[in-house]
Amino acid sequence: MLNRPLSLLLVIGLGLLLLWSQRDRAASEVTRTALIMGTLVEIKAVGSDENKLEDAINNAFDVMRRVEAEFSPQVPNSAIARLNQTAETSEIPSSVRDLVELGEQVRLESNGAFSMALGGVKELWAIETENPQVPTREQLEAVLPPLDSPALLLDGLIARRSSTLVRLDLGGIAKGYAVDRALEQLRDRGLRSASVNAGGDIGVLGGHAERPWRIGIQHPRKQGELLATLEARDQAIVTSGDYERYFERDGRRYHHIFDPRSGQPASGCQSVSVVAPSAALADALATAVFVLGPEAGMRLLEQRSEAEGLIVAANGEAIVSSGLKERLQWR
Ligand code: ADP
Ligand code: MG
């Protein structure tokens, strides 16, 4: 027989060992990356069963690939490509209708700064190709869509472009939407802790084990360095920056977020990060605020009670919305 103190110690030791091993099982984390929508997408999933996590992540990537096919103007038979090819009406999936409606809300709130009609402008600049160009003012004017109308006219699921100058391009909102759909898929698979990062469009499900997720905001002028971090649960943080997709010519930087009035790259900001309940909303708002510039952009963020943001102005000054000030940790 063991003496009492010794057996007590043994029981405590076994208990601790059990706790430790359970903790270890609950803390499995799987991270995978895939190239989707021209971006390296990273998904992290936390749970107890690695196979299940891996399966869920693969499904989430598939969901994102489907979103890419559905929303890309380049995919020949996508709803967007079909609309762009005809002046007639055509039927669209409800997912496209819903996202277009969200984009239209942001267009109205931003006085037209957010526009899903700039496909023609984007094509002229060809920024995401091997051969980017600086178009002339005349070339741009010839493709600029009307400023004060929605991109699409909708009657239920029947849609048509409001003008043949509208070339639908949902690039300012679709990646955020894809992040939302991926998170939804992970949640439907029973996960309670995951993060999806599509090149700075970030959404998190739950917290990171016992704590919130800690999310880094990229410094717009120091590659690979963070400007700030913040903690979040069940939220999205999306950044639009002039450093993501751009080319330089004659000492000038030309990037991919256009002012719908001129078709030129918007010049008021280096980057805009928006925190919101959904990544689609955060994505659209980040693009809109970027075009509006620091002052009008911050006004837009302060009007939207569920959104907060950090704007880095063209001169490098950082401006933070009232609800985010306490949450940011500067680097
Ligand atoms: P990223 O796609 O790199 O995350 P954004 O969300 O800021 O960056 O989106 C930029 C994309 O949005 C452009 O590549 C283009 O497809 C589209 N876009 C450009 N200008 C505008 C605008 N004023 N409003 C809405 N979308 C825009
Ligand atoms: Mg955007």
Side-chain angles (χ1 to χ4, degrees), residues 67 94-116 150 170-188 192-208 211-218 227-241 257 269 271-312 318-329:
V67 171
S94 56
S95 52
V96 173
R97 192 253 339 255
D98 293 348
L99 194 60
V100 164
E101 280 182 347
L102 176 61
E104 171 60 11
Q105 265 179 36
V106 175
R107 181 187 76 82
L108 288 169
E109 278 169 61
S110 66
N111 283 319
F114 184 80
S115 167
M116 296 174 286
L170 273 62
I173 191 171
K175 213 193 289 168
Y177 174 73
V179 168
D180 288 335
R181 296 295 310 277
L183 285 169
E184 188 181 280
Q185 170 71 19
L186 295 167
R187 189 175 345 108
D188 288 351
R192 280 190 277 168
S193 169
S195 75
V196 179
N197 182 350
D201 287 26
I202 301 166
V204 298
L205 175 65
H208 194 188
R211 299 190 48 78
W213 288 92
R214 175 175 292 281
I215 295 166
I217 295 175
Q218 163 68 38
L227 175 64
T229 61
L230 78 161
E231 295 191 332
R233 288 177 196 271
D234 294 310
Q235 270 190 324
I237 291 109
V238 173
T239 299
S240 276
I257 304 167
C269 304
S271 73
V272 175
S273 303
V274 173
V275 182
S278 88
L281 175 63
D283 193 1
L285 286 174
T287 305
V289 169
F290 192 103
V291 173
L292 286 171
E295 278 166 36
M298 192 47 78
R299 253 181 277 133
L300 172 60
L301 286 177
E302 297 288 7
Q303 270 164 29
R304 266 273 184 181
S305 57
E306 76 273 49
E308 301 293 338
L310 158 64
I311 301 176
V312 181
I319 305 141
V320 186
S321 70
S322 44
L324 196 61
K325 287 205 171 103
E326 304 290 297
R327 284 177 66 187
L328 278 189
Q329 288 181 302

* Asked: Going through the distances and angles, do Val179 and Val238 end up as a side chain to side chain contact (heavy atoms under 4.5 Å, CB included)?
  -> CA-CA 10 Å; Val179 168; Val238 173; over 6 Å; no
Could you grab the distance from atom [atom1] of [X] to atom [atom2] of [Y], nearest 0.5 Å is fine?
| X | Y | atom1 | atom2 | answer |
| --- | --- | --- | --- | --- |
| Glu326 | Glu308 | CD | CD | 11.5 Å |
| Asn197 | Ile215 | CG | CD1 | 9.0 Å |
| Asp180 | Leu99 | CG | CG | 9.0 Å |
| Arg192 | Leu186 | CZ | CG | 14.0 Å |
| Leu205 | Arg187 | CG | CZ | 6.0 Å |
| Leu292 | Leu300 | CG | CG | 6.0 Å |

* Taking only Lys NZ, Arg NE, NH1 and NH2, and the carboxylate oxygens of Asp or Glu, determine whether Arg181 and Glu184 approach each other closer than 4.0 Å. => yes
Donor-acceptor contact present, side-chain [X] to main-chain [Y], <3.5 Å:
| X | Y | value |
| --- | --- | --- |
| Trp213 | Arg233 | no |
| Asp234 | Gly206 | yes |
| Ser321 | Gly309 | yes |

* Report the residues that fulfil side chain to side chain donor-acceptor pair (under 3.5 Å) with Ser193, sequence neighbours left out, ordered by chain and then residue number. => none
* Go through the structure and list residues passing side chain to side chain donor-acceptor pair (under 3.5 Å) with Glu104, not counting sequence neighbours. => Arg107
How about [X] and [Y]: do any of their side-chain heavy atoms sit closer than 4.5 Å?
| X | Y | answer |
| --- | --- | --- |
| Leu328 | Ile217 | yes |
| Ile257 | Ser240 | yes |
| Glu306 | Leu281 | yes |

* Structure fact -> Partner of Glu231 under side chain to side chain donor-acceptor pair (under 3.5 Å), picked from Gln329, His208, Arg211, Arg327, is Arg211
* Answer yes or no: are there more than 12 heavy-atom neighbours, outside Glu295 itself, under 6.0 Å from its atom CD? => no
* To do: Could I get the full list of ring-ring contact (aromatic ring centres under 6.0 Å, His included) partners for Tyr177, not counting sequence neighbours?
  => Phe71
